[in-house]
Trainee: 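Let me begin by handing over the structure; questions about it come next.
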Number of protein chains: 2
Amino acid sequence: MNIKDIARISGVGISTVSRVINNKGLVSKETRERVLNVVKEYNYIPNSNAQNLKTTQSKNIALMVKGITNPFFANMIREIERQVNLRGYPFLIQQVEDGTDEINAAIQLAKEKNLCGIIFMGGTYNHSEEKFKQLTIPFVLTTITSTQQVDPAIFSSVIINELREAYKATNYLISLGHRNIGFLAKSPLLDETTGNRRYLGYKKALEEQGLPYDAGLVEDCEYSPSSGFNAARKLLNKNKGLTAIFAASDTIAIGAAKAVLTAGLSIPDDISIIGFDGIEMAEYYHPSLDTISQPGTEMALSSVGVLFDLISEQSGNQHIVYDAVLLKRGSCKMITAR
Amino acid sequence: MNIKDIARISGVGISTVSRVINNKGLVSKETRERVLNVVKEYNYIPNSNAQNLKTTQSKNIALMVKGITNPFFANMIREIERQVNLRGYPFLIQQVEDGTDEINAAIQLAKEKNLCGIIFMGGTYNHSEEKFKQLTIPFVLTTITSTQQVDPAIFSSVIINELREAYKATNYLISLGHRNIGFLAKSPLLDETTGNRRYLGYKKALEEQGLPYDAGLVEDCEYSPSSGFNAARKLLNKNKGLTAIFAASDTIAIGAAKAVLTAGLSIPDDISIIGFDGIEMAEYYHPSLDTISQPGTEMALSSVGVLFDLISEQSGNQHIVYDAVLLKRGSCKMITAR
DNA sequence: TTGTAGGCGTTATCAG
DNA sequence: CTGATAACGCCTACAA
């Protein structure tokens with residue numbers, strides 16, 4: 001079943017069918033009706049490969065996600081897909097393996113599927129300006145931004161200020177009287193990763209408040225409960241007088257909380273815990289975990305918005321910075337004399 | 001940059017370039033080398049639209065997921081993608097909106113992208129045999145199976161026996177002495193959904209053990225902590241002498257646990273809770289939640305295996321049924337006289 | 001308002 | 001071994 005068949009069966013020319021399908025050009029009402037009937041009857045679906053090949057300018061939008069299992073991304077992905085579909089654009093999700101270069105993957109994909117836009121979610125910051133320039137179609141970095149070395153004029157982003165929000169979290173703990181605050185995130189913390197930005201916020205807060213930075217209070221871990229659990233247990237075993245933990249994600253925070261509770265300690269009486277992201281699970285943990293909650297849905301929405309502004313050339317590259325919210329649910333407590 | 005350019009620059013014919021790229025047919029070593037260099041230098045990537053258009057038989061594999069935010073699916077998705085990529089096939093994930101017909105979407109996608117195989121994850125059971133027959137390429141239903149009315153010879157599946165496993169969970173609670181066991185899942189429970197299969201298992205266990213079925217103990221809820229929380233709270237407020245809850249998913253179980261704990265009750269001393277799926281979060285909840293753990297990774301692996309067997313025509317349709325495991329972590333307890 | 005024909009970038013079938 | 005050349009299914013001037 002191709003356009004030729006439909007044309008033959010409907011007793012019209014190929015271009016007429018094309019016009020009907022694409023709602024382009026003038027076609028008499030009767031002809032349109034007739035063609036549409038045949039299309040429906042034979043269940044005809046245009047071959048998008050041929051369409052894309054011809055038009056060179058497909059309407060494909062891709063989402064490149066690094067860490068598709070991240071629960072914080074789950075709702076965002078759903079929202080992004082909804083928004084893209086709403087605009088009538090085909091949408092495809094591409095998972096980027098940890099360790100592979102998402103920009104390279106995107107360049108490849110863009111050529112292969114001739115995409116008209118890309119949204120990046122997750123991943124690292126360290127891409128060179130020339131790499132970005134190879135990506136000749138509009139794209140938006142969501143959740144991530146780039147190093148300062150890259151000209152902000154050549155890319156768009158929708159982010160939160162990771163450093164400031166982590167600073168906020170740490171400061172909150174300090175304001176509650178905590179002095180020995182553990183930090184859990186994924187190493188290497190030297191790199192331009194989200195984890196590192198949060199780490200820098202943590203350090204900045206300590207410094208500003210005149211608290212000593214103790215590398216022994218910083219533990220490496222993956223963004224998962226199991227890893228958070230192990231890292232927190234290590235931290236507890238160090239006997240460093242730990243009274244609070246700042247986890248770089250809620251998934252880590254949950255694992256850390258489990259470690260604390262398993263050790264027979266109480267949250268927040270013995271140890272205060274605060275996470276980051278604002279996933280649903282953190283709220284339904286017992287006790288509910290404090291967190292820095294990112295406006296995921298808004299960020300998703302706005303990412304698609306920025307991308308389509310770019311595609312329709314209604315505006316140039318934009319950088320939108322959202323505020324995250326410190327949610328106090330009771331897992332952090334003012335420190336008291338023991 | 002297209003194949004013609006590469007041919008011109010390398011000083012060879014178009015077909016030679018094609019042969020080099022696809023590693024097909026004979027090409028002298030020097031020519032191959034020369035072409036390969038040009039390809040690398042100009043960063044040439046074949047247009048897959050043209051390839052697919054020509055070959056009619058692409059190597060695209062699609063995963064159609066209903067409920068991409070389901071944390072139980074997260075690891076499975078990752079594993080499936082890994083396995084498909086390992087075999088050198090392009091892979092695309094398509095989210096299916098709740099409420100839309102995944103088979104229709106698949107038929108469309110298969111034509112558009114001329115796929116060579118599809119894996120379905122999540123969704124309902126009630127598709128007609130003729131619908132399946134419209135899907136002329138190999139496909140595997142993972143996590144889901146179809147109604148008995150559909151000839152098993154026309155589709156493949158990788159599943160667990162939902163009914164039996166739910167029966168196992170309920171029976172476990174009964175064996176601990178529980179009589180008033182609440183059940184939480186998504187309605188309508190009349191439909192051929194996963195939730196319904198688990199519901200039937202719950203009912204069957206009650207019946208076999210001679211316990212009365214009480215519709216008041218069954219509460220409708222979505223597969224999320226918040227919904228589980230609300231449903232469990234309703235259940236508790238009914239004062240039906242509830243001593244145990246069987247939640248149709250771990251996400252629900254977590255919400256239900258929160259409701260129990262928030263009410264000032266203890267798990268498992270006052271209320272026993274068991275979930276379903278075996279997600280990481282359930283283990284790191286406090287207390288760790290008992291669950292029926294599905295072998296997600298194995299199922300993912302085996303789904304891809306079955307699909308490729310089908311594609312390479314090494315075997316016909318298969319139906320693989322895995323066993324789930326009842327994990328006892330302490331959230332269920334023998335009932336004691338009060 | 002409608003049909004014809006050329007070409008999008010590939011692959012595959014042939015002769016050379 | 002290599003190079004024309006005809007499709008693949010569709011869109012789009014351009015002609016009718």
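All values below were derived from every heavy atom in this structure, side-chain atoms included, with hydrogens, water molecules and symmetry-related copies excluded. These figures come from a predicted structure and were not determined experimentally. Sequence lines set the chain letters: A, B, ... in the order given, protein chains first and strands last, and positions in each chain run from 1.
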Trainee: Please report the C-alpha distance between B/Ile80 and B/Ile77 in whole Å, then the side-chain angles of each, then the deciding distance to 0.1 Å, and finally whether the side chain to side chain contact (heavy atoms under 4.5 Å, CB included) criterion is met.
Mentor: CA-CA 5 Å; B/Ile80 289 174; B/Ile77 293 174; 5.8 Å; no

Trainee: Within the structure, does a side-chain N or O atom of B/Lys4 lie under 4.0 Å from either OP1 or OP2 of C/dG9?
Mentor: no

Trainee: Nearest whole Å is fine: how far is D/dT2 C1' from B/Glu33 CD?
Mentor: 18 Å

Trainee: Give the minimum heavy-atom separation between A/Ala106 and A/Ile118, together with the two atoms involved.
Mentor: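 Here A/Ala106 and A/Ile118 meet closest at CB-CD1, 3.7 Å.
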
Trainee: Grab the CG-P distance between A/Leu53 and C/dT11 for me, whole Å please.
Mentor: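 After rounding, the gap between these two atoms is 12 Å.
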
Trainee: Here's a test of your reading of the structure: between A/Ile14 and A/Leu26, which maps to the more 5' nucleotide of DNA chain C?
Mentor: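 On the 5' side of the pair lies A/Leu26.
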
Trainee: By nearest atom, which of the nucleotides C/dG3, C/dT1, D/dT2 is closest to the A/Arg19 side chain?
Mentor: C/dG3

Trainee: Counting only side-chain N and O atoms of B/Ser18, is one of them less than 4.0 Å from OP1 or OP2 of C/dT11?
Mentor: yes

Trainee: Whole angstrom is fine here: how far is it from CG in B/Asn47 over to C1' in D/dC10?
Mentor: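 Rounding to the nearest Å, CG of B/Asn47 and C1' of D/dC10 are 14 Å apart.
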
Trainee: So, is A/Tyr44 near the phosphate of D/dG9, with a side-chain N or O under 4.0 Å from OP1 or OP2?
Mentor: no

Trainee: Salt bridge or not between A/Glu129 and A/Lys133? Use side-chain N to carboxylate O under 4.0 Å.
Mentor: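 The answer is yes: the pair qualifies as a salt bridge.
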
Trainee: For B/Thr31 and for A/Ser48, locate the closest nucleotide of DNA chain D by heavy-atom distance; then report the residue assigned to the nucleotide nearer the 5' terminus.
Mentor: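 Here B/Thr31 is the residue nearer the 5' end.
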
Trainee: Measure CG/A/Asn2 against P/D/dC11 and give the value in whole Å, please.
Mentor: 11 Å

Trainee: Indicate, yes or no, whether a donor-acceptor pair under 3.5 Å links the base of D/dA4 to the side chain of B/Ser15.
Mentor: yes

Trainee: Are OP1 or OP2 of C/dT11 and a side-chain N or O of B/Gln51 less than 4.0 angstrom apart?
Mentor: yes

Trainee: Using every non-hydrogen atom in the two residues, find where B/His127 and B/Val150 come nearest and quote the distance to one decimal.
Mentor: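 So the minimum-distance heavy-atom pair works out to O-CG2, 3.4 Å.
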
Trainee: Round to a whole Å and report the spacing from NZ of A/Lys24 to P of D/dC11.
Mentor: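 To the nearest whole Å, that distance equals 8 Å.
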
Trainee: Would you mind telling me which of C/dG9, D/dC11, D/dT12 lies closest to the side-chain atoms of A/Ile3?
Mentor: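 Side chain of A/Ile3 sits closest to D/dC11.
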
Trainee: Taking CG from A/Asn52 and P from D/dC11, how many angstroms apart are they, rounded to a whole number?
Mentor: 10 Å

Trainee: Can you tell which of D/dG9, D/dG3, C/dT10 lies closest to the side chain of B/Thr16?
Mentor: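 Of all the options, the side chain of B/Thr16 is nearest to D/dG3.
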
Trainee: With respect to the side chain of A/Asn22, which nucleotide from C/dT1, D/dC11, C/dG9 is positioned closest?
Mentor: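 The answer is D/dC11, which lies nearest to the side chain.
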
Trainee: For the pair made of NZ in B/Lys29 and C1' in D/dT2, what is the distance, rounded to whole Å?
Mentor: 19 Å

Trainee: Identify whether the distance between the nearest side-chain nitrogen and carboxylate oxygen of B/Arg82 and B/Glu79 falls below 4.0 Å.
Mentor: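 A salt bridge is present here (some side-chain N lies under 4.0 Å from a carboxylate O).
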
Trainee: Which nucleotide in the list D/dC11, D/dA7, D/dT2 gets nearest to the side chain of B/Lys54?
Mentor: D/dA7

Trainee: CD1 of A/Ile45 versus C1' of D/dC10: gap in Å, rounded?
Mentor: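 So the two atoms are 15 Å apart, to the nearest Å.
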
